[in-house]
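Here's the structure we're looking at; comments come further down.
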There are 2 protein chains.
Amino acid sequence: MKIPIDDKLNSKNVKPTAMRELVLDVLIKQTTAISLSDLEQKFEKADKVTLYRTLKTFEENKIIHSIDDGSGSVKYAMCTDTCQCNPAELHVHFFCTMCQKTYCLNEIPVPSVSLPVNFDLQSINMVVKGICANCRR
Amino acid sequence: MKIPIDDKLNSKNVKPTAMRELVLDVLIKQTTAISLSDLEQKFEKADKVTLYRTLKTFEENKIIHSIDDGSGSVKYAMCTDTCQCNPAELHVHFFCTMCQKTYCLNEIPVPSVSLPVNFDLQSINMVVKGICANCRR
DNA sequence: AAAATTTATGCAATTAAGTTGCAAAGTTAT
DNA sequence: ATAACTTTGCAACTTAATTGCATAAATTTT
């Protein structure tokens with residue numbers, strides 16, 4: 001497996017097993033977020049639970065982040081290299097109701113909201129639904 | 001059953017059955033959003049599917065709106081009288097990670113975001129997670 | 001008012017996503 | 001090489017959401 005992938009895993013303190021290298025390779029190549037069942041289809045031989053735990057491990061170690069896009073299945077996408085998943089660096093996600101794909105809009109930060117008094121903010125999930133540029137044509 | 005409840009149902013073109021009156025009465029009294037299983041516990045005698053379909057009917061007719069707060073179960077809360085559930089009139093929801101309650105922040109509209117070119121907006125789901133005023137004390 | 005039709009409700013069962021327990025296989029340290 | 005730990009695979013379970021179908025209730029037609 002290619003060195004950059006192992007570097008990525010090592011830099012996030014995740015041991016580079018064959019499974020993890022393969023999964024990370026797939027994740028890196030995605031242009032849209034991917035669900036566990038999407039991943040299952042790409043690895044017909046691999047066990048669902050192993051893929052599940054691989055995603056969980058990646059998420060815990062901030063290699064990827066999970067997105068609840070309201071589609072009923074959680075999607076996952078790469079974090080940026082420096083991402084710490086703080087509220088301040090969250091971005092908007094876009095779910096296309098036509099192709100069902102979920103995009104990270106990394107350029108669009110989640111706007112700050114002023115909460116009622118004594119409400120403390122931990123994180124924000126902002127998902128925009130609509131038609132993506134590909135489907136609109 | 002009280003007249004105002006029937007009025008509400010009639011004004012939204014939902015026939016006022018006993019079940020619907022009871023469910024709407026519960027919904028009106030909530031200060032936070034409620035899930036199907038919450039509702040089941042309040043109506044031990046009623047069938048889950050009936051409650052489910054009652055919620056669906058209410059939602060279709062804009063008596064209530066559903067909220068995907070990321071908790072794994074969809075919550076429901078009353079719409080305002082004039083609500084048409086357009087993107088322009090959406091409000092922010094708040095999920096308390098301590099008490100697990102979901103609040104409609106009716107005073108806080110979802111901020112507008114400018115999407116990449118050729119992305120069309122249909123709706124926005126914005127859920128803020130944190131600690132609510134009740135739990136913070 | 002009875003019959004026919006539509007609508008609502010209740011029960012059984014299914015689907016799908018997410019998750020846990022445990023044993024086998026693989027890896028690392030002694 | 002053995003012991004200790006980590007990862008993987010299989011089986012099974014949980015929960016939420018949903019569908020089909022039969023019965024019951026309400027509404028409409030005759």
Side-chain angles (χ1 to χ4, degrees), chain A residues 1 5-6 9-10 12-27 33-61 63-77 95 100 102 125 127, chain B residues 1 5-6 9-10 12-27 33-61 63-77 95 100 102 125 127:
Chain A
M1 183 55 57
I5 286 182
D6 280 9
L9 290 167
N10 284 321
K12 300 287 185 176
N13 295 309
V14 175
K15 286 183 201 164
T17 67
M19 189 80 253
R20 288 169 180 171
E21 287 166 342
L22 290 167
V23 172
L24 183 52
D25 190 53
V26 166
L27 284 164
I34 192 175
S35 70
L36 173 57
S37 52
D38 293 337
L39 207 55
E40 268 181 272
Q41 291 177 330
K42 291 184 186 288
F43 292 97
E44 302 245 323
K45 316 141 208 164
D47 186 73
K48 175 186 151 163
V49 178
T50 304
L51 295 171
Y52 167 76
R53 286 197 265 235
T54 301
L55 290 173
K56 283 286 174 190
T57 302
F58 286 1
E59 188 185 7
E60 277 162 26
N61 293 280
I63 296 173
I64 61 177
H65 59 282
S66 65
I67 308 150
D68 187 342
D69 60 11
S71 70
S73 55
V74 176
K75 304 276 171 63
Y76 299 88
F95 177 74
Q100 316 278 309
T102 300
N125 182 34
V127 178
Chain B
M1 184 55 59
I5 286 183
D6 281 7
L9 289 168
N10 285 322
K12 300 286 185 176
N13 295 309
V14 175
K15 286 181 202 164
T17 66
M19 189 81 253
R20 288 169 180 171
E21 288 167 341
L22 289 168
V23 172
L24 183 53
D25 190 54
V26 167
L27 285 164
I34 191 174
S35 70
L36 173 58
S37 54
D38 293 335
L39 206 55
E40 268 182 88
Q41 292 176 330
K42 290 185 188 285
F43 292 96
E44 301 245 326
K45 316 141 207 161
D47 187 72
K48 175 187 152 163
V49 177
T50 303
L51 295 171
Y52 168 75
R53 288 197 262 236
T54 302
L55 290 173
K56 283 287 174 189
T57 301
F58 286 1
E59 189 185 7
E60 278 161 25
N61 293 281
I63 295 173
I64 60 176
H65 60 283
S66 65
I67 307 150
D68 187 345
D69 60 11
S71 71
S73 55
V74 176
K75 305 274 171 65
Y76 299 88
F95 177 75
Q100 316 280 307
T102 300
N125 182 33
V127 179

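Both backbone and side-chain heavy atoms feed into the values below; hydrogens, waters and symmetry mates do not. Just so we're on the same page: letters track the sequence lines, and every chain starts at 1. The structure presented is a predicted model; accordingly, all values stated were derived computationally and were not measured.
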Original post:
Atom CG of B:L39 and atom P of C:dT9: how far apart are they, to the nearest Å?
Top reply: 13 Å
**OP:** Dump the intermediate steps for side-chain contact (heavy atoms from CB on, under 4.5 Å) on A:D68 and A:V127, then the final yes or no.
**Re:** CA-CA 8 Å; A:D68 187 342; A:V127 178; over 6 Å; no
**OP:** Round to the nearest Å and state the distance from B:M19 atom CE to D:dA26 atom C1'.
**Re:** 17 Å
Original post:
Do A:R20 and A:F58 have side-chain heavy atoms sitting under 4.5 Å apart?
Top reply: yes
Original post:
Within this structure, what is the CG-to-P distance between A:L22 and D:dT8, rounded to whole angstrom?
Top reply: 10 Å
**OP:** Report the distance from atom CD1 of A:I67 to atom P of C:dG18, rounded to the nearest whole Å.
**Re:** 13 Å
Subject >> Length of the CD-C1' vector between B:E40 and D:dT14, whole Å >> reply: 14 Å
Original post:
By side chain to side chain contact (heavy atoms under 4.5 Å, CB included), which residues pair with A:A77, not counting sequence neighbours?
Top reply: A:A33, A:H65, A:I67, A:C104
**OP:** Keeping to residues at least two apart or across chains, list the side-chain hydrogen bond (donor to acceptor under 3.5 Å, both in side chains) pairs with something in residues 40-49 of chain A.
**Re:** none
**OP:** Using side-chain hydrogen bond (donor to acceptor under 3.5 Å, both in side chains) as the criterion, list what pairs up with A:S71, not counting sequence neighbours.
**Re:** A:D69
Original post:
Rounded to whole angstrom units, what separation is found between the CZ atom of A:F43 and the C1' atom of D:dT8?
Top reply: 14 Å
Subject >> A:Q100: partners by side-chain hydrogen bond (donor to acceptor under 3.5 Å, both in side chains), with sequence neighbours left out >> reply: none
Hey, what are the protein-to-nucleotides 28-30 of chain C N/O distances that come in under 3.5 Å?
none

Original post:
Can you find a heavy atom in the side chain of A:F43 that is under 4.5 Å from one in the side chain of A:V26?
Top reply: yes
Subject >> Sequence-distant partners of B:E59, side-chain hydrogen bond (donor to acceptor under 3.5 Å, both in side chains), two or more places apart >> reply: B:S66
Original post:
Hey, which of these two, B:V74 or A:T17, hits DNA chain D nearer its 5' end, going by closest nucleotide?
Top reply: A:T17
Original post:
Would you say a side-chain N or O of B:S37 is under 4.0 Å from OP1 or OP2 of D:dT15?
Top reply: no
Original post:
Could you state the CG-P distance from B:D38 to D:dT15, rounded to the nearest angstrom?
Top reply: 14 Å
Original post:
Of all residues at least two apart in sequence or in a different chain, which pass the side chain to side chain contact (heavy atoms under 4.5 Å, CB included) check with A:S35?
Top reply: A:S37, A:D38, A:S73, A:K75
Subject >> DNA chain C contacts made by residues 44-56 of chain A, counting heavy atoms under 4.0 Å >> reply: A:K48, A:V49, A:Y52, A:R53, A:K56
Original post:
Would you say the side chain of B:L27 lies within less than 4.5 Å of the side chain of B:L55, judging by non-hydrogen atoms?
Top reply: yes
Subject >> Set of residues satisfying side chain to side chain contact (heavy atoms under 4.5 Å, CB included) with respect to A:Y52, sequence neighbours excluded >> reply: A:L36, A:K56
Subject >> Length of the CD-C1' vector between A:Q100 and C:dA17, whole Å >> reply: 16 Å
Atom pairs, N/O to N/O, protein against nucleotides 22-25 of chain D, distance under 3.5 Å?
none

